[in-house]
Amino acid sequence: MKKRVIDPWSSDLPEDYKNIANKFGLERFEEGDFPNPNILMRRGIVFSGRDLKIISKCIKEKKPFYVLTGIMPTAERLHFGTKSVIDQVIYFQKQGAKTFVLIADLEAAATRGLSLEEARKRAMEVHIPCYIALGLDPKKTIFYFQSENNIVKNLSFILSNRATLNEYRAIYGNSEPSRIMSSLLQVSDILHPQLERKMPGIIPIGIDQDPHIRLTRDIAKRAKEFKFFLPSSIYNKFVPDLQGDLKMSKSKGNPLYLLDSDMEIKKKISKALTGGQKTLKDQKKKGGNPDKDMLFELFKQHLIRDDKELEKRIKDYRGGKILDSENKEYATKLLQDYMKDFRKRYEEAKKDISKFLIKS
Ligand code: TRP
């Protein structure tokens with residue numbers, strides 16, 4: 001049997017989250033693990049992580065910790081999967097974490113051929129303003145570009161002697177130089193806050209990024225002189241695209257983007273995969289299946305914040321009281337309303353974006 005590895009650079013995805021969690025020794029996330037859980041935590045979208053207890057302890061005892069994530073600026077628009085990651089970052093920021101969000105421009109250059117100039121442009125015009133519009137507090141967030149952060153680059157050089165090629169092959173099933181460079185850089189992205197202050201840190205990311213976390217933890221363990229806390233991580237399920245493909249990817253399917261226009265929203269929602277029956281009569285008699293319905297996925301992950309309202313809609317859909325057309329209309333309205341506010345916050349954030357970037 002072929003050995004299973006997760007390849008963080010591919011867009012194939014794990015079908016069975018539980019198997020993945022077991023196979024790679026992830027902890028299961030339980031709703032009660034953290035105080036004031038957000039909706040992704042309450043609704044099972046956040047499903048696992050590593051070393052979650054130490055972070056929950058920091059929150060409860062008000063001890064210092066950090067949250068850090070990084071995103072490649074390859075996409076020209078952000079899909080809702082990125083929103084889920086930023087929602088997690090915002091949650092930890094609100095619980096008192098020192099916050100870092102980095103633009104993985106070097107990784108994008110090495111693995112996707114995106115120029116640093118183009119990456120910068122996309123980050124400044126789209127990505128960073130969108131993160132702020134999602135609710136990240138710019139005054140409390142350290143944004144940086146990998147290409148401009150010498151501390152991070154130096155650390156990745158220094159730590160490179162703690163990894164071996166065999167380890168790379170075992171973790172990634174691949175050992176191309178560009179990937180080696182990118183993952184070592186990611187290791188130091190993740191650990192560098194501890195150069196200034198030793199404290200636990202949590203990394204919210206997609207499950208496809210877990211190999212990087214394993215590598216980081218291995219290297220941190222071996223680099224004894226640094227006395228690093230091993231980084232924790234927290235994973236959310238992917239936001240399926242509206243056609244039901246698991247990972248919203250830019251190239252195929254019917255992904256929804258932040259900043260989509262009213263028309264785009266309407267069109268995309270109208271073509272969404274639903275859990276409805278073939279005929280109206282059947283739907284009323286047998287009811288729909290919300291578990292196979294992409295609109296419910298959207299309601300659950302992003303659009304309906306009130307638990308009672310969501311439960312009622314699920315029940316009514318199962319009971320044949322709600323038809324696909326009504327769901328579509330409602331999803332369109334909620335999204336258009338959301339986007340109207342979002343766009344305002346985005347334009348606001350874009351105006352004073354340069355204030356929020358530091359060079360090091
Ligand atoms: N590899 C990540 C991606 O594909 C980006 C990334 C770079 C990152 N450095 C990081 C993510 C540090 C989390 C933490 O999008």
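Just follow the structure's listing: the first ligand is 1, and inside any ligand the first atom is 1. Worth saying up front: this structure is predicted, and the values here are computed from it rather than measured. Positions are given from 1 along the sequence.
- For the pair Asp189 and ligand 1, the shortest N or O to N or O distance falls below 3.5 Å.
- Here Glu347 pairs with Lys350 under the side chain to side chain contact (heavy atoms under 4.5 Å, CB included) rule; sequence neighbours left out.
- Atoms of ligand 1 lying under 4.0 Å from any heavy atom of Ile203, numbered from 1 in the order shown and given with element: 13 (C), 14 (C).
- Of all atoms in ligand 1, listed by their number and element, those nearer than 4.0 Å to a heavy atom of Glu107 are 1 (N), 2 (C), 4 (O), 5 (C), 6 (C), 7 (C).
- Counting the atoms of ligand 1 from 1 in the order shown, those under 4.0 Å from a heavy atom of Leu102 are 7 (C), 9 (N), 12 (C).
- Close approach of ligand 1 to Ala104 is summarised as follows: ligand atoms under 4.0 Å from at least one heavy atom of the residue are 5 (C), 7 (C).
- Of all atoms in ligand 1, listed by their number and element, those nearer than 4.0 Å to a heavy atom of Ile190 are 12 (C), 14 (C).
- Between His192 and Tyr144, a ring centre-to-centre spacing shorter than 6.0 Å is recorded.
- Checked against a 3.5 angstrom limit, the closest N/O atoms of Gln209 and ligand 1 fall inside it.
- Near Ile205, meaning under 4.0 Å from one of its heavy atoms, ligand 1 places the atoms 11 (C), 13 (C).
- With respect to Glu225 and Arg162, a salt bridge is recorded, a charged nitrogen being found less than 4.0 Å from a carboxylate O.
- For the pair Arg120 and Phe145, the cation-pi criterion (under 6.0 Å, within 45° of the ring axis) is fulfilled.
- Taking all heavy atoms of Gln146, His212, Gln186 into account, the minimum distance to atom 1 (N) of ligand 1 is reached by Gln186.
- If you look at Leu185 next to ligand 1, there are no close heavy atoms at all, none under 4.0 Å.
- Within ligand 1, counting atoms from 1 as listed, the ones closer than 4.0 Å to a heavy atom of Leu68 are 12 (C), 14 (C).
- Contact annotation: the side chain of Phe299 never approaches that of Glu309 to less than 4.5 Å [non-hydrogen atoms, C-beta and beyond].
- Checked by atom type, the side-chain pair Thr274/Asp324 shows a donor-acceptor distance below 3.5 Å.
- For the residue pair Glu264 and Ser261, a side-chain donor N or O sits within less than 3.5 Å of a side-chain acceptor on the partner.
- In this structure, Glu167 contributes its side chain and Thr164 its backbone to a donor-acceptor pair below 3.5 Å.
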